[in-house]
Amino acid sequence: MIILVTGGGGPTGQAVSEHFRERGHTVIAVDRDDVDLLDRAAVQDLAARIEKEHGGVDGVVHLVGGWRGGKSFADTSLDDWDLLHDLLIRTLQHVSLAFEPHLRRSPDGRFVIVSAKAAERPTAGGAAYSAAKAAAEAWTLSLADALRGTGSAATILVVKALVNDAMRAANPEGRFPGFTDVRDLARAIGELYERPAGDVNGIRWDLTQ
C-alpha cells in the first residue's frame, strides 16, 4: 500500500510512518519543508506527482495540528482562530480535495484525522481550538459520505492529547492521564485496515475509552 502522512516530521508522524514501513508499505511522509499545505496548487501538484510515481494512494493520515487557547472565553484571541483555521481546517480541505479521487479508486483506502475530546466538550478558554476541531470533524464526515459505497473510508480518531517518549523524558514525573501514546495511535490507524470500509467510514473512534 501507498500511505501519505502529512505532518510527518513530528513524533506522531514518525510513529505512524514507522508502523506502516515495518509492515512493508510505502510511506510518503511530508512536512512543512516538503510542501506548503496552505497552497492548494502545491497540494494538487503533490497528488499529481504521487499518482505519476505510485499510481495513487491507499491511505492519507492527516496529522497537521496545533493548539491555542486563553484563560477565559473573553480572553479568546481571534488571531488564534485565524491560525487554527489554517492549521486544522484549511490544510485538511486542501489535502482531502486533492486525494479524494485517489481514495475513490483504491480498493482499500483510508483517510484519517486525529481530533480531540475538546470538540465535543469545549471549555471557555478553548473556544477557538474546539470550534476548529469540530469543523475539521464535519469536513471529514462529508468526505466519508463521498466515499460511501467505495472500498475506502474516512475516520476520525479522538484523543484527549498525545504523548511521546520525548515528552516523558522531559517530564519523568509526569503521569499524562488519559493521553494516547503515539505508537498506540499508529496501531489504531493500522487496525482500520483490518475492518471493512463500511464499518469504519464516518465513525468517531474514541481512543480514550
Exercise. Heavy atoms, side chains only, cut-off 4.5 Å: are Val64 and Leu92 in contact?
Worked result: no
For this session: May I ask you to decide whether Arg204 forms a salt bridge with Glu120, counting only side-chain N to carboxylate O separations under 4.0 Å?
Result: yes
For this session: Test Ile28 against Val30 for side chain to side chain contact (heavy atoms under 4.5 Å, CB included), laying out the working first.
Result: CA-CA 6 Å; Ile28 303 166; Val30 298; 4.2 Å; yes
Exercise. Counting only N and O atoms by type, is there a donor-acceptor contact under 3.5 Å from the side chain of Thr91 to the main-chain atoms of Leu88?
Worked result: no
For this session: Determine whether Leu162 and Phe179 make a side-chain contact, defined as any pair of heavy atoms from C-beta on separated by less than 4.5 Å.
Result: no
Exercise. Between the main-chain N or O of Lys117 and the side-chain N or O of Lys133, is there a donor-acceptor pair closer than 3.5 Å?
Worked result: no
For this session: Could you tell me whether a side-chain N or O of Asn201 sits under 3.5 Å from a main-chain N or O of Ala154, the two making a donor and an acceptor?
Result: yes
Exercise. So do Leu185 and Leu157 actually touch side chain to side chain, heavy atoms under 4.5 Å?
Worked result: yes
For this session: Quick one: do Arg105 and Glu100 satisfy salt bridge (charged side-chain N to carboxylate O under 4.0 Å, His left out)? Show the steps, please.
Result: CA-CA 9 Å; Arg105 292 194 301 269; Glu100 187 258 4; over 6 Å; no
For this session: Check whether more than 12 heavy atoms from other residues, nucleotides or ligands sit under 6.0 Å from atom CZ of Arg168, and answer yes or no.
Result: yes
Problem set entry | Non-hydrogen side-chain atoms of Phe111 and Val61 separated by less than 4.5 Å | no
For this session: Hey, could you give me each pair passing side chain to side chain donor-acceptor pair (under 3.5 Å) that has a residue in residues 140-159? Not counting sequence neighbours.
Result: Asp145-Arg148
Exercise. What closest approach, in Å, do Glu137 and Ser115 show between heavy atoms, and which atom pair accounts for it?
Worked result: OE2-OG, 2.6 Å
Problem set entry | Check against side chain to side chain contact (heavy atoms under 4.5 Å, CB included), Leu4 and His54 | CA-CA 11 Å; Leu4 172 67; His54 301 282; over 6 Å; no
Problem set entry | Path from Trp205 to Val16 over hydrophobic side-chain contacts below 4.5 Å | yes
Exercise. In terms of ring plane angle, is the pair Tyr193 and Phe20 parallel, tilted or perpendicular, where the classes change at 30° and 60°?
Worked result: perpendicular
Problem set entry | Any side-chain heavy-atom pair of Thr208 and Val158 under 4.5 Å | no
Problem set entry | Side-chain touch Arg90/His94, heavy atoms, less than 4.5 angstrom | yes
For this session: Take Asp80 and Leu83, measure what side chain to side chain contact (heavy atoms under 4.5 Å, CB included) needs, and give me the verdict at the end.
Result: CA-CA 5 Å; Asp80 288 346; Leu83 174 67; 5.5 Å; no
Exercise. Does some side-chain heavy atom of Val182 sit less than 4.5 Å from a side-chain heavy atom of Val163?
Worked result: no
Problem set entry | Smallest separation among heavy atoms of Tyr129 and Arg68, with atom names | CB-O, 3.7 Å
For this session: List the steps and the verdict of side chain to side chain contact (heavy atoms under 4.5 Å, CB included) for Val5 and Leu63.
Result: CA-CA 7 Å; Val5 180; Leu63 299 175; 3.8 Å; yes
Exercise. Any link between Leu207 and Ile203 through a network of hydrophobic side chains (Ile, Leu, Val, Met, Phe, Trp, Tyr) touching at under 4.5 Å?
Worked result: yes
Seminar exercise, completed: Rounded to the nearest 0.5 Å, the CZ atom of Arg121 sits from the OG atom of Ser130 at a distance of 12.0 Å
Exercise. Distance-only, no hydrogens or angles: does the Asn171 side chain make a donor-acceptor pair with backbone N or O of Met167 under 3.5 Å?
Worked result: no
Problem set entry | Minimum side-chain heavy-atom gap Arg110-Leu147 below 4.5 Å | no
Problem set entry | Which atom of Val57 lies closest to which atom of His102, heavy atoms considered | N-ND1, 3.5 Å
For this session: Might you work through the salt bridge (charged side-chain N to carboxylate O under 4.0 Å, His left out) test for Lys160 and Asp206, ending with a clear yes or no?
Result: CA-CA 9 Å; Lys160 175 182 177 181; Asp206 190 340; over 6 Å; no
Exercise. Should Leu103 and Ile50 be counted in the same cluster of Ile, Leu, Val, Met, Phe, Trp and Tyr side chains packed under 4.5 Å apart?
Worked result: yes
Exercise. Do side-chain atoms of Asp58 reach the backbone of Ile2 as a donor and acceptor pair under 3.5 angstrom?
Worked result: yes
Exercise. Are any side-chain N or O atoms of Asp31 and backbone N or O atoms of Asp33, one a donor and one an acceptor, separated by less than 3.5 Å?
Worked result: no
